2 protein chains.
Amino acid sequence: MKKISEAVVRRLPIYLRFLNELHVRNIQTISSRDFGERLGMNPAQIRKDLNYFGEFGKKGIGYDVPYLIEKIQQILKLDQTIHVALVGAGNLGHALCNYNIYLKSNMKITAVFDDFPEKVGSQINNLIVQPMSELTKTVQSQAIRIGIITVPASEAQNVADAFVKAGVEAILNFAPSIIKVPQEIKVHHADFTTELHSLAYYLD
Amino acid sequence: MKKISEAVVRRLPIYLRFLNELHVRNIQTISSRDFGERLGMNPAQIRKDLNYFGEFGKKGIGYDVPYLIEKIQQILKLDQTIHVALVGAGNLGHALCNYNIYLKSNMKITAVFDDFPEKVGSQINNLIVQPMSELTKTVQSQAIRIGIITVPASEAQNVADAFVKAGVEAILNFAPSIIKVPQEIKVHHADFTTELHSLAYYLD
DNA sequence: TAGATTGTTAATCGATTAACAATC
DNA sequence: TAGATTGTTAATCGATTAACAATC
């Protein structure tokens, strides 16, 4: 299979979310034209993106919404349960644990870690905060595949190293710092300080 | 001046953060080669990016760190005080209010809004949560220029509309939904659900 | 001066969009 | 059938990288 560019992969979750909205509103079929219109995207791009993975549409008709949802979920591997661990039980960590996303997909934060003594043992939702010394054991016993980092920048690399050693396959880093990992580990950054700073450029 | 692409603007805060690290470590000069090495980027790209805005380097020497910091801050308008408002005093809103970014730049969250009766009047740091009915008045009296949305997806468009009406120039949307605004308003999305979902694609 | 490194053009690479034959 | 819309190629557009003259 030809290599799919990251730009394409990043659009799939946006497509999926939109399709779920359509589904809730009982819309059965969508054309790439309407699809693009609603998302502010070029319809050819949407057709091309989807076509990397298969022929999901019907000529003259469009795309069947429930079918396309199913297909994109498969592509993104969201049809299987994916366990996620989070390190850093601060405000941001709490916010993420409480978020409802995980209900829609089968992604779920199943373990939380922090090394501050006053945090260890405390409860977030139904999860008990564990010390970092438990990380490897828990990642392995719970088959955790994705790690989220919500610690200060100065600690991010240490946490990343611990995640990699424990065997996670991907990391979402919220700390405002670049982390180095082996190339087979996928890292995304979700750093709102850089978002805010780049927004400032566009002020008059 | 030629139009600067968004890709370039998004890299500037990353450069700035790295330069600040160098500055803290008392490093006075950096070449684009070392710069690129440390950030995993092509040195020509860094030179080209910076050169859109001026000739900040010295041939044969490299870039003066404090000078380049100053210049990038000017480009990003981070040399002036920028007031930010946040709507949605939930967990995520709390996390952002507590974040320390704002100390490094002159960006500061100076007002928080929420329409839940039990939230209104409560205190976050030294800010009192105001009802949405106060938004326009406060945005104008405090000269707020950027709005942050941390409400559920179903409310995001309403909040965006209120921000636009009140006169903000840019919006950072954390809700997992696309918001429509007039084209002169700049919007960035900081949606970690799509980040997590696209990460899943790369799992084995 | 010689070595290093920028600024910048030209070449390459990749992503987006237009166009249209195929076909429902 | 006629109209609509996909799948997909070709054209365009834009971003990244290589290369090198200028110069500190």
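Here is the naming used below: chain letters follow the sequence lines, and residue numbers restart at 1 for every chain. Just so you know, these numbers come straight off a predicted model, no measurement behind them.
Between the side chain of B:K71 and the backbone N or O of B:F56 there is no donor-acceptor pair closer than 3.5 Å.
Looking at the side chain of A:Y63, the nearest of the listed nucleotides C:dT5, C:dT8, D:dG7 is D:dG7. You'll find that the side chain of A:S32 is closest to D:dT6, out of C:dG7, C:dT5, D:dT6. Distance from the side chain of A:N51 is smallest to D:dT8 among D:dT8, D:dC24, D:dT5.
No side-chain N or O of B:D191 forms a donor-acceptor pair with one of B:N173 less than 3.5 Å apart.
In this structure the side chain of A:R10 never reaches within 4.5 angstrom of the side chain of B:T194, judged on heavy atoms. Annotation: side chain of B:L50 is in contact with side chain of B:I72 (closest heavy-atom distance under 4.5 Å). The side-chain heavy atoms of A:F192 and B:I148, taken from C-beta on, include no pair separated by under 4.5 Å.
The nearest whole Å value for the distance from the CD1 atom in B:I46 to the C1' atom in C:dG7 is 14 Å. One can place CZ of A:F53 at 14 Å from P of D:dG7, the figure rounded to the nearest angstrom. The distance from atom CZ of A:R33 to atom C1' of D:dG3 is 12 Å, rounded to the nearest whole Å. Spacing between atom CG of A:L68 and atom P of D:dT5 amounts to 16 Å, rounded to whole angstrom units. B:K58 has its NZ atom 10 Å from the P atom of C:dG7, to the nearest Å. In this entry the distance linking NZ of A:K59 with P of C:dC24 reads 7 Å, nearest Å. Between B:D34 atom CG and C:dT5 atom C1' there is a gap of 11 Å when expressed in whole angstrom units.
Listed by chain and number, the residues in a side chain to side chain donor-acceptor pair (under 3.5 Å) with A:Q80 are A:R145 (sequence neighbours excluded).
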(request) Would you check, one step at a time, whether the test side-chain contact (heavy atoms from CB on, under 4.5 Å) holds for B:I30 with B:R38? (result) CA-CA 11 Å; B:I30 182 101; B:R38 290 288 314 278; 5.6 Å; no
(request) Determine which bases of DNA chain C form Watson-Crick or G-U wobble pairs with both distances under 3.5 Å, and write the result as a 5' to 3' dot-bracket string with | for other-strand partners. (result) ..||||||||||||||||||||||
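Within 6.0 Å of the CD atom in A:E37, the count of heavy atoms belonging to other residues, nucleotides or ligands does not exceed 12.
Figure legend: B:K58 and B:Y63 shown without cation-pi pairing, the cationic atom not lying both under 6.0 angstrom from the six-membered ring centre and within 45 degrees of its axis.
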(message) At under 4.0 Å between heavy atoms, how does the protein contact nucleotides 11-20 of chain C? Give one character per nucleotide, 5' to 3', with B, S or -.
(response) ----SSBBB-
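Here A:F56 lies in heavy-atom contact (under 4.0 Å) with sugar-phosphate atoms only.
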